[in-house]
S.K.: 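Provided herewith is a single structure, encoded as structure tokens, for subsequent inquiry.
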Number of protein chains: 2
Amino acid sequence: MATVKDVAKLAGVGSGTVSRYISGTGSVSKKSAEKIARAVEQLNYRPNSMARSLSSRRSDLIGVWVPSLEGPYYHMMIRTIESALRLQGKHMILANAEDAQSNEDRLAHLDYLINRDCDGILISSSLQSEFELARYAEKFANLVVMNHHTEELAGRCFSIDHDLGGRLAARHLVELGHARVATITGRLSALDARQRHVAFLDEMVRLGHPVAPERIIEGAFSYAGGEQAVAALLASGTDYSAVFCGNDKVAMVLIAELHHRGISVPGDVSVIGYDDVEFTPYTAPALSTVHAPIEEMSQSACHQLLNLTYGLELPYQEHFEPSLSVRQSTGPSRA
Amino acid sequence: MATVKDVAKLAGVGSGTVSRYISGTGSVSKKSAEKIARAVEQLNYRPNSMARSLSSRRSDLIGVWVPSLEGPYYHMMIRTIESALRLQGKHMILANAEDAQSNEDRLAHLDYLINRDCDGILISSSLQSEFELARYAEKFANLVVMNHHTEELAGRCFSIDHDLGGRLAARHLVELGHARVATITGRLSALDARQRHVAFLDEMVRLGHPVAPERIIEGAFSYAGGEQAVAALLASGTDYSAVFCGNDKVAMVLIAELHHRGISVPGDVSVIGYDDVEFTPYTAPALSTVHAPIEEMSQSACHQLLNLTYGLELPYQEHFEPSLSVRQSTGPSRA
DNA sequence: TCCAAAAGTGGGATCGGTTCCATTTTTGAC
DNA sequence: GTCAAAAATGGAACCGATCCCACTTTTGGA
């Protein structure tokens, strides 16, 4: 493999000039540029990225930490981030912490990124206690967080207004005439799950239809967690004409189980989800859900991280509002 | 940040000894090891991965090229690969070619990986003409391919027996008594889509129920492609008691649309998918499908790549057999 | 106790870029 | 045509590891 020196020799210029030409920094005369271009062509020169990283002290690597890769949610995130990074010639390395058993494990996954000398790190964490994020933020300036908010990380937190999201769901159901409503939440230790849940309950109270405690099931944002929670709800014997599910995966599981039991959606029971992941138009019936702008948020977080890390000025926005995505899984209450 | 030299000085040993201690290669006396360990602790030393890569001429980076990141299929792949690589202390960088318009674009995505000096590359390509893979294989020894087979890459191709898969689907439907069967395929220029399709048709002939040409719709393996194909099938006016879909995404779209039109699955029409991606238990009804061992294949491909690249001896297997995963979307023909 | 083999050691050369700086060349206003 | 400012240049120093090699120390069998 040819090196800068080889190119410099063949082009009859100094190595500094070649470097400047290649990286596009500093100035190079037209004449030199042409000679170098020819030499590069002839030698089929390609800069060595490790040498470049070593001497420039930047790896062009961005680390992305996610708590799980089950289901479409984090995948939509990854997909968006990969694309935004590729546009800037940066590369993503990924740490999926779903096999982590303890906080220590989760930190080990973060170290897996840090040890690689990422220039910046993007974390999606909804567990408040998951990291001592503030401490990491001190040590690691180029850190940006999604689905989380702390004072220490002002300007580096990206989030969706789940308070509004929860209320939108409540209003939608009440507008359709549903008074007896059940809900399956995510793990309430997760910030985003709790926010939407609390807001949903509160809005139901405000609208005059408080949700009875026996109609509240704490589940988890996974297929397995959804199955358990759905089973618990159906076994509880309580009645309800609509169910708000904390995310779309759980809603999907619920619809499947209701179908299995011959309960019609939305005829007998309306189901509303949350997130609006890619499969929502294709459940049967198509899922009404609270649209969370996941991709926009991911892109913004990524942009801001690139700005901080490389001094770019890409557009971004810190807060996003969800909206209602009404499809066929919700309908008027029969009562 | 501390360097080997700092550690060496503090520990009172040579830099070579520190290097050997850190990397675990070569021998270091117990006494030195202890002194170095103390110094590492004290200085909070962490080796610089770029310097390491430059001098050892290995990046510990594995590039993964996928044609798309829509839907669960490639995500399951990514998830498996990330995990297998992390276990070996390697990192994955990703190139998603779904925005590529031309072959040139697709190659640019591959260059995006190669320019990063990946130690090895994993490609999932079902388009035969997509790359001149053989040429890349010459230039780039540590290359492994999924869903593809060429002579030049003997021992480096990983695949699922889609011929068998297609036949399993046919047999299942015929056993249930279906004689008028329709099928929605993927793009037939894709090897995997064609294989299962051809085998399916052939097996239907063998079983005495050839599929009439008007009951064959060429679609694509995406949600949008599925929607179009489903619309085409339903508009065609042909009748059928069962549909074989070339992948699960399309099957999901079909089920949703049938539900929308009040056509019962499997009462009026049986639907069988292909792949067995993660959502299949949760469609309504749960999707009968041909189980393709995607995760096993991905892990094997990854293992063999690691073997080739780093001289490891991880277990792997080149060919995989699909099996039937019968759920609720298929049932006996009424006729 | 002796000695060859094995284990352990220090430090310099090297990987292939970037960056700095002193120096030369070019530019353009007068 | 002159001259100061701006542009361009070459090459050495540097980034922080690994690896090699010549050398010293330890080991253990006779």
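Throughout, a chain's letter reflects where its sequence line sits, starting with A, and its residues are numbered from 1.
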S.K.: Does the side chain of A:Arg57 get closer than 4.0 angstrom to OP1 or OP2 of D:dC15 through an N or O atom?
M.R.: no
S.K.: Classify the nucleic acid contact of B:Tyr45 as base, sugar-phosphate or nothing, counting any heavy atom under 4.0 Å across all strands shown.
M.R.: sugar-phosphate
S.K.: Taking CZ from B:Arg58 and P from D:dT18, how many angstroms apart are they, rounded to a whole number?
M.R.: 11 Å
S.K.: Using 4.0 Å as the upper bound for N to carboxylate O, is an ion pair formed by A:Asp119 and A:Arg58?
M.R.: no
S.K.: Does a salt bridge link B:Arg38 with B:Glu34, judged by any charged N lying under 4.0 Å from a carboxylate O?
M.R.: no
S.K.: I need the CE-P distance between A:Met50 and D:dC14, as an integer number of Å.
M.R.: 25 Å
S.K.: Counting side-chain heavy atoms from C-beta on, which of D:dG10, C:dG16, D:dT18 comes nearest to A:Arg20?
M.R.: D:dG10
S.K.: Could B:Glu98 and A:Arg79 be called an ion pair, given the rule that one side-chain N must be under 4.0 Å from one carboxylate O?
M.R.: yes
S.K.: Within this structure, what is the OH-to-P distance between B:Tyr21 and D:dC19, rounded to whole angstrom?
M.R.: 18 Å
S.K.: Side chain of B:Ser56 only, heavy atoms from C-beta on: which candidate in D:dC19, C:dG17, C:dG10 is closest?
M.R.: D:dC19
S.K.: If I take atom NZ in residue B:Lys35 and atom C1' in nucleotide C:dT9, what distance separates them, rounded to the nearest angstrom?
M.R.: 11 Å
S.K.: Need to verify one output field. Residue with the more 5' nearest nucleotide on DNA chain D, A:Gly12 or A:Leu54?
M.R.: A:Gly12
S.K.: Would you indicate which nucleotide in D:dA8, C:dG12, C:dT9 comes nearest to any side-chain atom of B:Thr17?
M.R.: C:dT9
S.K.: Should the pair A:Arg86-B:Asp99 be classified as a salt bridge under the 4.0 Å nitrogen-to-oxygen rule?
M.R.: yes
S.K.: Taking 4.0 angstrom as the limit, do A:Asp117 and B:Arg46 come out as a salt bridge?
M.R.: yes
S.K.: Could you pick out which residue, B:Ser27 or A:Lys5, lies toward the 5' side of DNA chain C when each is mapped onto its nearest nucleotide?
M.R.: B:Ser27
S.K.: When the distance from CG of A:Asn48 to C1' of C:dG17 is rounded to whole Å, what number comes out?
M.R.: 7 Å
S.K.: Find the distance B:Asn115:CG to C:dG17:P and express it as a whole number of Å.
M.R.: 12 Å
S.K.: Starting at the 5' end of DNA chain D, which residue's closest nucleotide do you reach first, A:Ser15 or A:Ser55?
M.R.: A:Ser15
S.K.: The side chain of B:Ser29 lies closest to which of these nucleotides: C:dG10, C:dT18, C:dT9?
M.R.: C:dT9
S.K.: Return the value, rounded to whole Å, for the distance between atom CZ of A:Arg52 and atom P of C:dC15.
M.R.: 19 Å
S.K.: Report the residue (A:Thr3 or B:Ser32) whose heavy-atom-nearest nucleotide on DNA chain C is the more 5′ of the two.
M.R.: B:Ser32
S.K.: Which nucleotide wins on minimum distance to the side chain of B:Ala51, given the candidates D:dT18, D:dG16, C:dT18?
M.R.: D:dG16
S.K.: Nearest to the side chain of B:Val28 - D:dA7, D:dA17, C:dT9?
M.R.: C:dT9
